[in-house]
Amino acid sequence: MSYSLQSFLIVSSLLFCLGMFTVLTRRNAIGVLMGIELILNGAGLNFVAFSRFLQPSQTASLLSGQIFTLFIIAIAAAEVAVALAIVLVLYSQMKTIDVEDFKELRG
Amino acid sequence: MLGPQTVKNILWLIPCLPLTGAVVNGLLRRRLPARLIHIIGCVTVFLAFLVSVSGFISLLRIEEPHNRLLIQSLYQWLLTVWDQGRFSLTVAFRFDPLSATLCLVVTGVGFLIHLYSVGYMAGDESQGRYFAYLNLFTFSMLLLILADNLLLMFVGWEGVGLCSYLLIGFWFSDLEKAQAGMKAFIVNRVGDFGFFVGLMLLFWSLFEGSNGGVSGLGFTELRQAVPLLASASPVLGVGVVTWIALLFFVGATGKSAQIPLYVWLPDAMAGPTPVSAFIHAATMVTAGVYMIVRLNFLYLAAPAALTVVAVVGAVTAFYAATIAITQNDIKRVLAYSTISQLGYMFLAVGVAAFSTGIFHLVTHAFFKALLFLGAGSVIHAVHSNDMQEMGGLKKYLPYTYLTFMTAYLAISGIPPFSGFMSKDEILWATFNSHLSVPGLGKALWALGLLGAGLTAFYMTRLVALTFMGTFRGGADEEKHLHESPLVMTIPLIILALLAAVGGAIGLPAVTHLPNLLHDFLSPVLSGHGSSGHEVHAYGLEVLLMLVSTGVALSGIGLGYYFYLKRPELPDQARARFAAVYRLLLNKYYVDEIYSALFLRPVLKLVALSGLFDLQVIDGAVNLSSKITAKFSFLVGWEDLTIVDGAVNGVAAMVQRWGDWIRHLQTGRIHQYLYSVVLGLFGLCVFMLLF
């Protein structure tokens with residue numbers, strides 16, 4: 001069976017919106033990070049789908065979209081590692097990981 | 001003995017040895033003991049004398065007289081090159097018969113005076129300074145003599161002027177003596193100004209435009225440049241050579257104390273007596289004569305200037321002798337006699353008998369040094385300069401008396417003493433001279449002869465008042481009369497021998513013996529400089545000799561009659577010719593005339609320019625400062641309000657805006673995120689709509 005590009009785009013935009021929703025509504029810092037992961041995965045799925053469906057011809061293939069996604073996954077992993085470390089330090093300093101409480105950098 | 005090449009390489013030692021002494025004594029004068037100061041002061045000059053002697057001997061050993069010239073170039077002083085020529089000056093010393101003769105006199109007589117000073121200055125607290133000045137004086141004079149170009153000579157020329165100032169005003173705490181020093185310096189400056197203008201005129205006429213390859217002021221080059229100068233276009237109707245010669249002569253009248261710039265010399269006895277001897281005999285006053293003889297080629301190209309020199313010389317010789325008759329200060333009499341004798345030297349060079357002028361310079365150095373040192377010995381004993389407080393000293397000062405008498409006979413012109421030889425040669429050369437004005441030679445001769453008679457008269461007066469008769473200074477003083485120490489009498493004896501037989505270096509032609517000095521000097525002098533030797537009129541020469549001897553003897557006889565035989569006669573004569581006496585006693589009121597003519601107007605001008613300075617120049621300066629202060633006030637206001645205001649305004653504006661904008665930074669993450677989403681949404685809407 002074959003799927004059309006639109007179905008992929010629908011799934012990816014669903015992922016993006018769910019991620020955005022999570023980021024905007026969660027007050028827990030871990031939750032926010034999870035939301036960011038969803039957004040990134042939505043974007044990655046979008047790249048792969050376009051890479052798969054927008055080939056210039058049947059014989060030649062253009063892999064740059066899929067390679068881009070690999071980079072996104074790698075960078076997301078690194079980003080989460082750094083972000084979790086920050087969250088840990090924040091918790092040890094402030095005894096909370098509620099993002100609403102972090103207002104030190106207010107102007 | 002040293003060869004010419006060696007001597008050439010050690011010429012620099014002659015001036016530099018006394019310079020070393022001056023530096024050492026000058027810098028260490030407070031640390032060194034007096035004995036060491038004396039040794040340094042005397043030995044350096046004596047060594048310079050030895051070098052001069054060996055140089056003199058090696059000159060004599062050069063066979064060809066025209067090769068008797070040693071020049072040591074030390075270093076390049078100046079070098080300028082332009083499209084039409086070049087100008088270069090080297091510091092070089094020139095040792096030829098003329099400078100050799102002068103070096104021997106300056107270092108030889110100078111050494112004796114240094115030696116004498118050891119005794120005379122004993123006990124003075126600033127002997128280091130004294131000997132340093134004396135050595136510096138010797139150095140300057142030797143530099144003047146040995147210089148190979150005019151500019152280096154001018155350095156020495158100024159140096160002796162400075163040293164004479166320092167030594168005349170040696171006891172500067174006495175205002176009168178300090179003023180005498182200043183007078184010497186200022187009068188010399190007037191003369192030096194003439195010399196310097198002459199130097200500039202010479203430079204200008206040699207180096208203006210194309211100059212035929214002349215490239216310096218060395219004497220050899222100048223000699224070759226004379227035709228070029230002679231062909232230059234006249235300035236103010238008088239030839240350039242004549243101008244230069246006259247201007248140089250102005251310098252000579254200052255240094256050598258001729259009319260009208262002689263006034264400093266009589267006051268110069270304010271210094272210690274050996275200094276007077278040094279100034280009058282060995283250094284300083286002979287500089288002018290030496291300069292003219294050195295530039296004889298220039299003067300021969302300017303007969304008019306030579307005539308002026310001869311006339312000034314003869315008039316000075318007579319004029320100064322008349323003043324000397326009435327003076328009571330023993331050193332003052334000798335000072336005027338120096339002026340008079342210098343007049344003879346200028347008379348000699350003025351009639352182009354250059355070697356005769358140098359001859360008289362040499363013999364005069366001997367007997368005048370002796371006279372001054374003898375006078376110093378007398379003053380040392382009597383503690384007074386006034387001859388009216390002396391008398392009968394021959395009993396107490398036998399050596400001084402005997403040596404003084406030798407000098408007295410020499411200066412009076414009694415044969416065969418040295419003074420007779422040289423003075424008679426001058427008179428003979430004057431008699432035979434061919435001056436541009438007919439009959440002038442004979443007139444100058446008569447003037448010179450009269451002066452010689454006066455010289456014999458006033459010297460007899462001096463000797464009679466000092467050594468003859470009875471002591472007039474009071475019994476207390478009489479007890480303290482004593483002969484000077486050996487270190488003072490030995491120079492006197494040596495000089496007495498020289499004064500007696502020194503004439504042998506220039507025997508008159510009638511003796512058929514060679515005139516050694518004339519032959520020795522002839523390579524330096526241009527062609528037809530005559531000493532009377534060319535005229536072989538022996539009968540006439542003998543006659544003139546008899547006449548001058550007769551005049552001298554009658555002068556002595558008159559003096560003897562007036563001051564020893566009939567001591568009341570001078571008082572009668574004084575009463576009879578009161579006006580003349582007063583005129584002579586006050587030295588023709590020349591000092592007063594100069595004071596009224598030059599000094600007072602200058603002082604008035606000084607006061608006026610002082611006033612001008614205070615009122616006008618200071619006023620202008622103060623006004624400008626006031627204006628500046630007002631203006632700067634304005635500028636300050638502008639700076640504070642406008643410039644600073646703009647800067648502060650910008651700063652305040654940034655601060656206000658910052659205050660307002662910082663409220664965007666709330667620190668709430670969700671707010672940021674919402675705004676991001678809102679921005680994204682806005683962007684999408686924007687793209688969909690347009």
Side-chain angles (χ1 to χ4, degrees), chain A residues 6 9-10 12-47 50 72 75-76 79-80 82-91 93-107, chain B residues 621-690:
Chain A
Q6 280 80 7
L9 291 184
I10 289 165
S12 75
S13 47
L14 266 176
L15 269 174
F16 183 87
C17 288
L18 282 173
M20 182 66 82
F21 181 75
T22 312
V23 168
L24 289 179
T25 52
R26 294 285 153 179
R27 295 175 65 177
N28 190 319
I30 307 281
V32 174
L33 282 178
M34 292 163 84
I36 290 171
E37 284 305 307
L38 285 181
I39 291 172
L40 286 173
N41 283 333
L45 186 59
N46 217 355
F47 271 115
F50 277 110
I72 290 174
I75 287 172
E79 176 244 313
V80 166
V82 174
L84 280 175
I86 292 173
V87 168
L88 269 176
V89 174
L90 276 175
Y91 180 73
Q93 292 277 315
M94 325 259 306
K95 298 291 169 211
T96 173
I97 49 171
D98 189 340
V99 291
E100 290 291 308
D101 293 340
F102 303 145
K103 292 187 282 191
E104 285 291 302
L105 292 178
R106 180 178 69 224
Chain B
V621 171
N622 289 342
L623 190 70
S624 82
S625 78
K626 255 177 224 157
I627 292 174
T628 308
K630 284 267 156 31
F631 186 67
S632 64
F633 181 77
L634 263 177
V635 171
W637 179 84
E638 181 261 357
D639 188 51
L640 279 177
T641 48
I642 298 181
V643 176
D644 284 11
V647 173
N648 289 341
V650 168
M653 194 170 71
V654 167
Q655 208 165 24
R656 226 169 304 139
W657 288 3
D659 272 349
W660 181 63
I661 291 173
R662 66 191 253 197
H663 293 299
L664 290 178
Q665 192 95 8
T666 56
R668 291 208 192 91
I669 283 181
H670 283 118
Q671 211 164 8
Y672 300 166
L673 288 172
Y674 277 122
S675 49
V676 169
V677 172
L678 212 64
L680 208 62
F681 182 69
L683 220 60
C684 290
V685 169
F686 182 78
M687 282 181 70
L688 286 176
L689 285 182
F690 306 103

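A note on names: the letters A, B, ... follow the listed sequences, proteins ahead of strands, and every chain is numbered from 1.
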For chain A, which residues of residues 673-684 of chain B have heavy atoms nearer than 4.5 angstrom: Leu673(B), Tyr674(B), Val677(B)

Quick one: which of Thr25(A), Leu24(A), Val32(A), Val99(A) has the most heavy-atom pairs under 4.5 Å with chain B, could you say? Leu24(A)

Tell me, please, which residues at least two apart from Arg668(B) pass salt bridge (charged side-chain N to carboxylate O under 4.0 Å, His left out). none

Just wondering, more than 12 heavy atoms not from Tyr91(A) lying within 6.0 Å of its OH? no

Does atom CE (Met687(B)) have a neighbourhood of more than 12 heavy atoms from anything else shown, all under 6.0 Å? no

